Amino acid sequence: GKSATLGEIANVRMQQGDWDEAERLLLEALRLRHSLGEPPAFELVKLGQVAQARGDRATALAYFRQGLEIFERLGMPRESAQVREFIAQLEAGLAPTPAAEEAASLAALTAQARAAAERGEAAAAVAAQAQAVALARRLVESLPTGDESLQRRALINLSVLLFNLAGYHLQNDQPAEAVRALEEVVALDERTGHEDLESDRQHLEAARRLAALTPEERAQLGARRPAPAEATLPDFGALLRQLEAQLGEAPPELRAGLQALLNDLRGKSLEEQAAFMQGLAAQARRAQIEQWAEKADEMARAVGRGAAPRADVIAGVEQMAAQAADGEDEGSPWLELAAYLRAVAALLKGEAAPPVPAAYAARLSALQSALNPSNPNP
């Protein structure tokens, strides 16, 4: 949370041209990311932008290439393409175009919001997404008149950002703010003739009903924690809206495939839609569980390298285990992850690791070998 906040403050300093303070904040955010074992791609790219603004081309290129490597490794094609554009412009001796800078800022802000929501930091998610919405508004206002197709794509993109902002407001127990965001979504749907108008009207009515409840009644409704990956998964209508917004930004060689996917999804029945979203939820859950396990592994290896304090990492891994197990029913994959995390904590304490589910046996063996390289049979 502190790292994300430092990055947001650095954004403001960069807009003000205070490069020294922006660099200081980004370096501190970078240090925190490294200490957590998290990939600091956005921090590296912004440090590259700071270096570029100072005229330090070599340092800027180094930062951009480091960030690009991480984005490609994480499978983030849009961010990768934006950084490649920064690199190409630098190598050609050109300044970044305003559109590229604005696209990179939007991507960074929405990624910050998504990451904060996944960590359960709803207020931070709202703050980052609100900045993204404000930037999208400025982009809409700055567009030249006459290009109706470009205007419509920009308005749809603003609608997507507002819809997601409403979701973060709901997670932050701010239903009135969610209602205001969804009212604008519906107004934009009406203006652009978007086919999700009726679905978004239903979301708006649901938010209004929630806003009419007392805080105590809302607390009762949300007493059980949803699965972390499912908490931020959009509904089917929101997914279609996001894909349509991406269609306008996609390179020509990808548009036909993306349009075919959209056509296929629009033709699904309600039962097929539900099955499709359940499949996406399962994939998202598996990806998030894998991310947690990899994070614990990297934290443990950092202890083995002497790069992180053992007691702090043990406490962090045990806290992750408690969060993973919280509210889960027997047979949940989150309970299996919790068992693995407790085994990692035991290894770091110098204790015998308790049994882990079969899916984690090879991972635990590899970690034991990494922490005890002199022991060929851990």
Side-chain angles (χ1 to χ4, degrees), residues 2-36 38-116 124 127-144 154 157 161 246 249-251:
K2 181 178 179 182
S3 175
T5 301
L6 288 171
E8 291 165 8
I9 298 172
N11 287 338
V12 175
R13 296 302 187 192
M14 290 171 70
Q15 292 169 7
Q16 296 171 340
D18 189 350
W19 307 114
D20 290 343
E21 180 63 9
E23 181 183 46
R24 186 190 71 77
L25 293 165
L26 289 168
L27 287 173
E28 175 64 10
L30 187 69
R31 184 190 67 78
L32 290 170
R33 293 285 186 196
H34 280 307
S35 71
L36 292 169
E38 294 184 350
F42 288 108
E43 288 81 4
L44 288 167
V45 170
K46 287 197 171 296
L47 282 167
Q49 291 175 315
V50 169
Q52 183 178 12
R54 289 171 165 167
D56 188 347
R57 179 176 175 275
T59 300
L61 281 172
Y63 278 130
F64 285 153
R65 285 168 179 155
Q66 290 179 61
L68 175 61
E69 188 275 329
I70 295 173
F71 281 140
E72 290 178 334
R73 175 159 47 86
L74 294 177
M76 300 173 70
R78 181 179 297 184
E79 290 80 359
S80 298
Q82 289 163 352
V83 179
R84 286 195 204 97
E85 183 178 349
F86 293 163
I87 292 172
Q89 289 164 345
L90 259 184
E91 289 178 337
L94 302 174
T97 64
E101 290 183 328
E102 290 160 349
S105 296
L106 267 179
L109 289 168
T110 54
Q112 286 176 16
R114 198 162 49 241
Q129 190 73 11
Q131 289 185 56
V133 167
L135 177 55
R137 289 191 201 283
R138 293 197 296 272
L139 289 174
V140 169
E141 293 168 357
S142 66
L143 289 176
N157 187 55
L161 294 170
Q246 292 169 11
E249 302 171 4

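Predicted, not measured: the structure shown is a model, and the values here were computed from it.
Residues that satisfy the side chain to side chain donor-acceptor pair (under 3.5 Å) test with Glu43, not counting sequence neighbours, are Arg33. The side chain to side chain donor-acceptor pair (under 3.5 Å) search around Glu23 returns Arg54, not counting sequence neighbours. For the side-chain contact (heavy atoms from CB on, under 4.5 Å) test, residues two or more places apart in sequence or in another chain that qualify with Glu69 are Arg73. In this view, Arg65 and Leu61, Ile87, Glu91 satisfy the side-chain contact (heavy atoms from CB on, under 4.5 Å) rule, not counting sequence neighbours. Every ring-ring contact (aromatic ring centres under 6.0 Å, His included) that Phe64 has, sequence neighbours left out, goes to Phe86.
For the atom pair CG of Leu25 and CG of Asp20, the computed distance is 11.0 Å after rounding to the nearest 0.5 Å. Note that CG of Leu44 and CG of Leu68 are 11.0 Å apart. Values are rounded to the nearest 0.5 Å. In this structure, the separation between OH on Tyr63 and CG on Leu26 is 9.0 Å, given to the nearest 0.5 Å.
With a 4.5 Å cut-off on side-chain heavy atoms, Lys46 and Val50 do not count as touching.
A salt bridge does not link Arg138 to Glu141: none of the charged nitrogens lies less than 4.0 Å from a carboxylate oxygen.
For Gly67 against Val45, the heavy-atom pair with the smallest separation is CA-CG2, 4.1 Å. Residue Leu161 comes nearest to Ala132 through the heavy atom pair CD1-O, 3.9 Å, listed as atom of the first residue, atom of the second, then distance. The two atoms that bring Ala60 and Gln52 nearest to each other are CB-N, 3.7 Å, heavy atoms only.
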